[in-house]
Protein chains: 2
Amino acid sequence: MKIMIVEDDLTIRDMVGETLEKWGFETVKIEDFDQIMQVFLNHDPHLVIMDINLPSFDGFYWCSKIREISKVPMIFLSSRDTPMDIVMSMNMGGDDYIQKPFHMDVLIAKINALLRRTYSYMETQSQTMEHDGIILNLENGEILHGDRKSELTKTEFHILKILMKNKGIIVSRTKIMRSLWKNENFVDENTLTVNIARLRKKLVELGKEHFITTKKGQGYIIQ
Amino acid sequence: MKIMIVEDDLTIRDMVGETLEKWGFETVKIEDFDQIMQVFLNHDPHLVIMDINLPSFDGFYWCSKIREISKVPMIFLSSRDTPMDIVMSMNMGGDDYIQKPFHMDVLIAKINALLRRTYSYMETQSQTMEHDGIILNLENGEILHGDRKSELTKTEFHILKILMKNKGIIVSRTKIMRSLWKNENFVDENTLTVNIARLRKKLVELGKEHFITTKKGQGYIIQ
DNA sequence: AGGAAACCTTAATATAAACTTACAGCTTGA
DNA sequence: TCAAGCTGTAAGTTTATATTAAGGTTTCCT
């Protein structure tokens, strides 16, 4: 499990990082606070530890930026502990709040509890997604329709998964592109179009037309 | 959402129950502490609030009993607050820990955060705005009226959203135009008129006339 | 009532977003 | 090392939708 640490106090950052590694977690520490989003997109961590007081923008700001694109579990750290701070943290999309100074044992226990809550269902979670007769096998990237099946490439699979996960909701092209190519922001806009076309072609070959709808100027939707 | 409260102090139990109900939660309060498992099985709550100090068996015991059969989210309450208590709570399968005495705001915030995390599908329940029978779906840009529906383009959607957000208030044409076209101040005044017309046409097709009223010289209003 | 803003209607036109098709660089594995 | 399939690029095309244009209403003030 990979944990991203956003904390400007070097002592705390190192201590937390070291302890987490001792516990077998992989850590990603933010050093340049202008690069938070890029680092997040690059590493796609399983959990984020976020200090509230940071240089320039604060932890709440970065939380809401991350929440625009991800539901990653997040624990706030802060030396203040009025009820308002706690309520604020939760309302911004945080999952827990720990007051500094804290015992590492407590942090570890809370991280474990939150990871268990977030990812445990994954084991029992069904290995397929279904919508309107199309079954997407998450294990091997196959799509089924009736008795016909087809294999998707990595990119096609990724696109279909994100669209099916958001069925009934318009997913913008930039959101898909960010999710596919992280911060390699030099990939052509058209690359997505081509991949969508390839995916659609396979769906049509299975006898499924109009599965992905284009919302011009807005994105794509499965409904 | 149904919340089970396991707390022997009558004052706290009632206060928590009352507040939760004020927030729209259904509550199940334990009165007979030999019946915890039966009540749990009967009601199948979405979340459990568990005091640690209870008559006969303590909260940890009941937590582990419940964990044998369910992954229901659980928040512990206790007046003690050594790191050990917190760590213990988490390790027993709890999701959070609140020290007594606590602010109800904090409890509510933690409950909401935990429910959000556990039943994340709640977030996918569609976000809408409603006024006078017209429902605007913010996630797929559709408008509904009774059983009829219509799809909006990006511009139409933007206009309707800004008008519904300001329902009962006159929104000036310049305000709408600035919001739509930012600083491209070279777009024709009439462009807005045409888009309003198209939007109205779709509303009429749904059987809704006079939804957007023109206030000559002032702007448009939905009332 | 008369006139002029302000706004509406309809239809033609322009445009940017998305699509199609073809191709070439890679990777992978036989 | 060569074939097969994946992936991104390029160039040209289509199309949904915004914009323009031109003439028609409504509203409101004197």
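In what follows, chains are A, B, ... by sequence order, proteins preceding strands, each numbered from 1. Keep in mind that the numbers below use all heavy atoms, side chains included, and drop hydrogens, waters and symmetry copies.
The closest donor-acceptor contact from the side chain of A:R117 to the backbone of B:K71 lies under 3.5 Å. Looking at A:R198, its side chain never comes within 3.5 Å of a backbone N or O of A:T155 through a donor-acceptor pair.
Between A:R148 and A:E205 there is no salt bridge, since no side-chain nitrogen of the basic residue lies less than 4.0 Å from a carboxylate oxygen of the acidic one. The pair A:E7-A:K100 meets the salt-bridge criterion, since a charged nitrogen lies less than 4.0 angstrom from a carboxylate oxygen. Look at A:D132 and A:K208 and you find a salt bridge, because one of the NZ, NE, NH1 or NH2 atoms lies within 4.0 Å of a carboxylate O, short of that distance.
Nucleotide D:dG12 holds its C1' atom 14 Å from the CG atom of A:D188, rounded to whole Å. The interatomic distance linking B:E151 (CD) with D:dT17 (P) rounds to 9 Å, in whole Å. Here C:dA18 presents its P atom at 14 Å from CD1 of A:I159, a figure rounded to the nearest Å. Going from atom CZ of A:F157 over to atom P of D:dT7 covers 12 Å, rounded to whole Å. Rounded to an integer number of Å, the gap from A:K201 NZ to C:dT20 P is 11 Å.
Interface residues of residues 209-221 of chain B facing DNA chain D, ordered by number: B:K216; criterion, heavy-atom separation under 4.0 Å. Shown for residues 189-196 of chain B: residues whose heavy atoms fall under 4.0 angstrom of DNA chain D, namely B:N190, B:T191, B:V194, B:N195. Within residues 160-170 of chain B, no residue approaches DNA chain D, by heavy-atom distance under 4.0 Å.
Shown here for B:L180 and B:I159, the closest heavy-atom pair between the two residues is CD1-CG1, 3.7 Å.
Not one side-chain nitrogen or oxygen of B:R198 sits closer than 4.0 Å to the OP1 or OP2 atom of D:dT17. Distances shorter than 4.0 Å separate some side-chain N or O of A:T153 from OP1 or OP2 on D:dT7. Proximity of B:W181 to the phosphate of D:dA18: no side-chain N or O atom is located under 4.0 Å from OP1 or OP2. Within the structure, every side-chain polar atom (N or O) of A:R173 is placed at least 4.0 Å from both OP1 and OP2 of C:dA17.
Here the OG-CG distance, from A:S79 to A:D51, works out to 7.5 Å after rounding to the nearest 0.5 Å. Rounded to the nearest 0.5 Å, atoms CE (A:M15) and CG (A:D9) are 9.0 Å apart. A distance of 8.5 Å separates CD1 of B:I134 from CG of B:L144, quoted to the nearest 0.5 Å.
Donor-acceptor pairing under 3.5 Å is lacking for the side chains of A:R13 and A:T27.
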query: How far apart are the C-alpha atoms of A:D188 and A:T191, what are their side-chain angles, what is the distance that settles it, and do they pass the side chain to side chain donor-acceptor pair (under 3.5 Å) test?
result: CA-CA 5 Å; A:D188 200 291; A:T191 303; 5.0 Å; no
